[in-house]
Amino acid sequence: MLRENQSHMPEFLLLGLTSDPKQQGWLFASFLATYLVNVAGNSVIIAAIQRDARLHTPMYFLLSSLSLVDICFTSAIVPRMLANMLSKSKKVPFAQCLTQMCFFVAFGITDSFLLAVMAVDRYTAICNPLLYSMTMSPRRYLLLVMVSWVLSHLHSLTHMILMARLSFCGPNVIHHFFCDVQPLLTLSCSDTSINELLAFTEGSFVIMSPFALITVSYIFITHAVLRVRSERGRYKVFSTCRSYLIVVALFYGTIIFVYIHPSSTYSVTKDHVVTVIYTVVTPMLNPFIYSLRNKDMKQALKKLLRRVE
C-alpha cells in the first residue's frame with residue numbers, strides 16, 4: 001500500500017517556517033543552537049543522575065527518562081528542518097515523511113505519559129510517604145516507563161498505517177516545518193474520516209488522560225500541602241513540585257492549543273509559533289528548569305563538572 005501511494009506522489013514539498021531567504025540564515029542559526037543546547041543539557045542531566053548514587057530514586061529515574069525522550073522528540077524534527085533550510089528543493093520522500101510523523105507522535109505521547117507517571121510519583125511521596133518505597137518499587141516504575149513507551153509507539157504505528165492507506169494525488173505542498181498528522185490529512189484526496197476520528201478521539205484521549213491524572217494528583221497534593229501547619233514546611237513540600245508544574249504548563253498548554261480542535265478549524269500558519277514552543281523550546285528549557293530549582297541536581301551537576309575537569 002505504501003508503494004502504491006508513493007507511485008501517486010513520490011515526495012512532498014516541505015515549505016518550512018518561511019520562504020524568505022533573508023530569514024533562513026538567522027532561523028538556521030537559532031534552531032541549530034537551540035537543538036545543541038537541548039541535546040547537551042538533557043545529556044548532562046542523564047549523566048549527572050547516573051553518576052550520583054543519591055539520585056538513584058524513582059523521581060530522578062523518571063527525570064532522566066524524560067530527558068532521553070526530549071532528545072529523541074526534538075531529534076525527530078530539528079535535523080530534518082535544518083537540512084531543509086539548506087536545501088533548495090525542500091523535497092521530502094513520502095516514506096521519510098511518514099517515518100518522521102511516526103516518531104514525532106510516538107515521542108510526544110511518551111513525554112505525556114512520563115509526565116503523568118511523575119505526577120503519580122509525587123502524589124505517592126507527599127500523600128502516602130509510608131507506602132512510597134513499596135508503591136514506587138524499582139520493578140514498578142520500570143514497568144510504568146516501559147508501558148509508556150509501548151503504548152505511545154503502538155498509537156503512533158496506528159497513525160502511520162492509516163496514513164499509508166491514503167492516496168495523495170493533488171497538491172504536494174506542506175505548509176509546515178515537519179510532517180505532522182493534520183497537514184498530511186489536508187493533502188489527501190481519499191476519505192480521511194477514519195484518520196480524523198483517530199486523531200480527535202484517541203489523540204485527545206492519550207493527551208487528556210495523562211493531563212487529567214496530573215490534575216487529580218495535584219489536587220490531592222495541594223490539599224496535603226495545605227494541611228501542613230508551618231509555612232516553612234508547606235514551602236519545602238511544594239518546592240519539590242514547582243519545576244514539574246512549569247514543565248507541565250508549557251507542554252500541555254501548547255499541545256492542547258494546537259491539537260484539541262476539529263480539523264476544519266486547523267490553521268498551520270496560526271499554530272506555527274505554538275508548535276515551535278512545544279517541539280523545540282520546551283525540551284531545551286527542561287534541563288534548566290529542573291537543575292536551577294533543585295538543590296540535589298545542582299550538587300550532582302557540580303560533581304559531574306569536577307570529574308570532567
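Hydrogens, waters and symmetry mates are skipped; everything else that's a heavy atom, side chains included, is used.
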Audit row: L14, M81, side chain to side chain contact (heavy atoms under 4.5 Å, CB included) steps and yes/no: CA-CA 9 Å; L14 201 59; M81 180 174 63; over 6 Å; no
Hphob cluster co-occupancy, M101 + L198, side-chain heavy atoms under 4.5 angstrom: no
Sub-4.5 Å side-chain heavy-atom contact between L68 and N42: no
Under 3.5 Å donor-acceptor, H56 side chain and I49 backbone: yes
V281 and T254: CA distance, side-chain angles, deciding distance, side chain to side chain contact (heavy atoms under 4.5 Å, CB included) verdict: CA-CA 11 Å; V281 177; T254 51; over 6 Å; no
Closest contact, heavy atoms only, Y252 versus I207: CE2-O, 3.4 Å
Least distance between heavy atoms, P183 atom then I174 atom: CB-CG2, 3.8 Å
Reported CE-to-CG distance for the pair M136 and D121, which is rounded to 0.5 angstrom: 4.5 Å
N38 (side chain) donor-acceptor with T74 (main chain) under 3.5 angstrom: no
Non-hydrogen side-chain atoms of I77 and F177 separated by less than 4.5 Å: yes
Parallel, tilted or perpendicular, as decided by the 30° and 60° cut-offs, for the rings of Y218 and Y244: parallel
Y278 and F251 aromatic ring geometry - parallel, tilted or perpendicular at 30°/60° bounds: perpendicular
Main-chain N/O of Q182 paired to D180 side chain as donor or acceptor, under 3.5 Å: no
Donor-acceptor contact present, side-chain S167 to main-chain S190, <3.5 Å: no
Closest heavy-atom pair and its distance - L187, N172: CD1-C, 4.1 Å
S152 side-chain N/O to W149 backbone N/O, donor-acceptor pair under 3.5 Å: yes
Any donor-acceptor pair under 3.5 Å from S188 side chain to F168 backbone: no
Heavy-atom side-chain contact between T186 and H175 under 4.5 Å: no
Check: Q100 side chain, A76 main-chain N or O, donor-acceptor pair, under 3.5 Å: yes
Within-4.5 Å side-chain heavy-atom neighbours: F113 and V147: no
Heavy-atom pair of closest approach, residues P79 and S75: CD-O, 3.2 Å
Whether over 12 other heavy atoms sit under 6.0 Å from I194 CD1: no
Donor-acceptor contact present, side-chain H176 to main-chain L15, <3.5 Å: no
Nearest-0.5 Å distance that lies between atom CZ in F104 and atom CD1 in I109: 9.0 Å
Cluster link Y141 to L213, ILVMFWY, side chain under 4.5 Å: no
Hphob cluster co-occupancy, V216 + M208, side-chain heavy atoms under 4.5 angstrom: yes
Candidate list D70, I71, D111, test side chain to side chain contact (heavy atoms under 4.5 Å, CB included), partner P283, passing option: D70
Fellow cluster residues of L154, listed by chain then number, with links counted only when side-chain atoms sit under 4.5 Å apart: V150
Hphob cluster co-occupancy, L162 + L166, side-chain heavy atoms under 4.5 angstrom: no
Co-membership, hydrophobic cluster, residues I219 and V225, 4.5 Å side-chain: no
Side-chain donor/acceptor of S209 to backbone N/O of V206, under 3.5 Å: no
Between CG on residue L66 and CD1 on residue I45, distance to nearest 0.5 Å: 10.0 Å
Trace of the side chain to side chain contact (heavy atoms under 4.5 Å, CB included) decision for Y123 with N128: CA-CA 7 Å; Y123 162 77; N128 297 291; 3.6 Å; yes
4.5 Å side-chain heavy-atom contact, L184 and C97: yes
Minimum side-chain heavy-atom gap R122-M118 below 4.5 Å: no
M134 CE to R140 CZ distance, which is reported to the nearest 0.5 Å: 7.5 Å
Closest heavy-atom pair and its distance - V78, Y35: CG1-CB, 3.7 Å
Heavy atoms of other groups near R51 CZ, more than 12 under 6.0 Å: no
Test item: Y132 and P58 side chains (from C-beta on) under 4.5 Å apart, heavy atoms: yes
Backbone of L13 reached by a side-chain donor or acceptor of K90 within 3.5 Å: no
Separation between NE2 of H153 and CG of L151, rounded to the nearest 0.5 Å: 11.0 Å
Derivation and outcome, side chain to side chain contact (heavy atoms under 4.5 Å, CB included), residues V145 and F61: CA-CA 10 Å; V145 171; F61 172 77; 3.7 Å; yes
Between CG on residue L63 and CG on residue L114, distance to nearest 0.5 Å: 10.5 Å
Heavy-atom closest contact (F94 atom, M163 atom, distance): CZ-O, 4.4 Å
